[in-house]
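Index from 1, following the sequence. Start at 1 and go down the list; that is how both ligands and their atoms are numbered. Hydrogens, waters and symmetry mates are skipped; everything else that's a heavy atom, side chains included, is used.
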Amino acid sequence: MPDTPEIRVESIQRKSLLYRSGLGFHCINHVLGCSHGCRYPCYAFLMARHHGRVRDYAEWCRPRLVGNAVDLLDRELRRKRTLPRRVHLCLTTDPFMVGHPEVEALSLAIIERLNRSRISVSVLTKGRLPAALADRRRFPCDNTYGISLVSVDEAFRQEWEPGAAPAADRIAAVRRLHEGGRRTLAHMEPYPTPGVFEQDLDEVLASVAFVDEIYFSGWNYNPRVSEERGARASYARAATIVREFCARHGIEGTVG
Ligand code: SF4
């Protein structure tokens with residue numbers, strides 16, 4: 001079993017870890033909160049506040065590790081009669097949170113443990129994917145390593161994703177894993193309407209032209225978008241651009 005990384009930040013204990021999400025796939029969220037503090041707003045933050053798991057945005061931005069995550073996962077995998085084929089990290093936090101090496105170490109330990117049971121992993125981050133993920137001896141399964149990216153403009157990141165890594169760093173990290181022969185993904189959601197942020201979609205797409213998969217979808221949970229005139233038409237145009245781009249570059253494209 002991979003060692004539980006030394007935990008120096010505040011931690012919580014949970015009774016279970018691996019679960020099947022309402023979206024139909026298995027997930028692990030081994031951190032409560034996320035220092036990236038996205039302001040779209042972040043749906044995970046809204047839910048955590050609604051259920052009383054965090055008081056406010058400031059508390060959300062101070063992540064707490066699930067201290068018993070590796071032990072729990074090991075026990076759950078040994079007890080399960082049928083193992084999932086794939087597990088996603090994460091739906092309600094970020095597995096490679098900027099400035100939190102303890103989160104990174106725990107995420108790597110979890111991926112290693114899952115791969116040891118031949119369960120592949122899909123990863124999504126607004127941080128920097130570690131180069132270690134290219135190591136086939138430690139991570140032998142056909143994992144998918146994804147970045148969340150809706151803009152390459154630093155002004156956008158500072159306004160909407162203040163704690164996340166700059167787009168250039170995310171792209172460089174996922175490119176390194178692509179060059180290391182791993183499957184990669186660009187998750188383009190929530191894509192901003194022109195009323196939220198004016199930008200060139202072609203430029204964003206060109207920055208990730210090397211990935212295997214692109215997922216593109218709109219901007220939810222913000223009345224500013226639902227009330228914006230022309231937002232629907234702008235998405236329809238953007239969706240066409242994404243589909244054509246993916247077809248031209250041999251990328252598996254999905255428009256949500
Ligand atoms: S990176 Fe994801 S989990 Fe973290 S604040 Fe942003 S949207 Fe929420």
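Annotation for Leu106 and Val66: closest pair CD2-O, 3.9 Å, computed over non-hydrogen atoms.
Neighbours of atom 8 (Fe) of ligand 1 restricted to protein N, O or S atoms under 2.8 Å: the count is 1.
For Ser122, the side chain to side chain donor-acceptor pair (under 3.5 Å) partners two or more places apart in sequence, or in a different chain, are His88.
Between Arg78 and Asp74 a salt bridge is recorded (basic side-chain N to carboxylate O distance below 4.0 Å). With respect to Glu59 and Arg64, a salt bridge is recorded, a charged nitrogen being found less than 4.0 Å from a carboxylate O.
When side chains are defined from C-beta on, Val255 does not count as touching Ile214, because their heavy atoms never get closer than 4.5 Å. Val98 has its side chain out of reach of Asp169: every pair of non-hydrogen atoms, C-beta onward, lies at least 4.5 Å apart.
When only non-hydrogen protein atoms are considered, atom 2 (Fe) of ligand 1 lies nearest to Lys126 NZ, 3.7 Å.
Remark: ligand 1 atoms within the under-4.0 Å shell around heavy atoms of Trp60 are 5 (S).
Here the rule is ring-ring contact (aromatic ring centres under 6.0 Å, His included) with Trp219, and of Tyr40, Phe197, Tyr191 only Tyr40 fits it.
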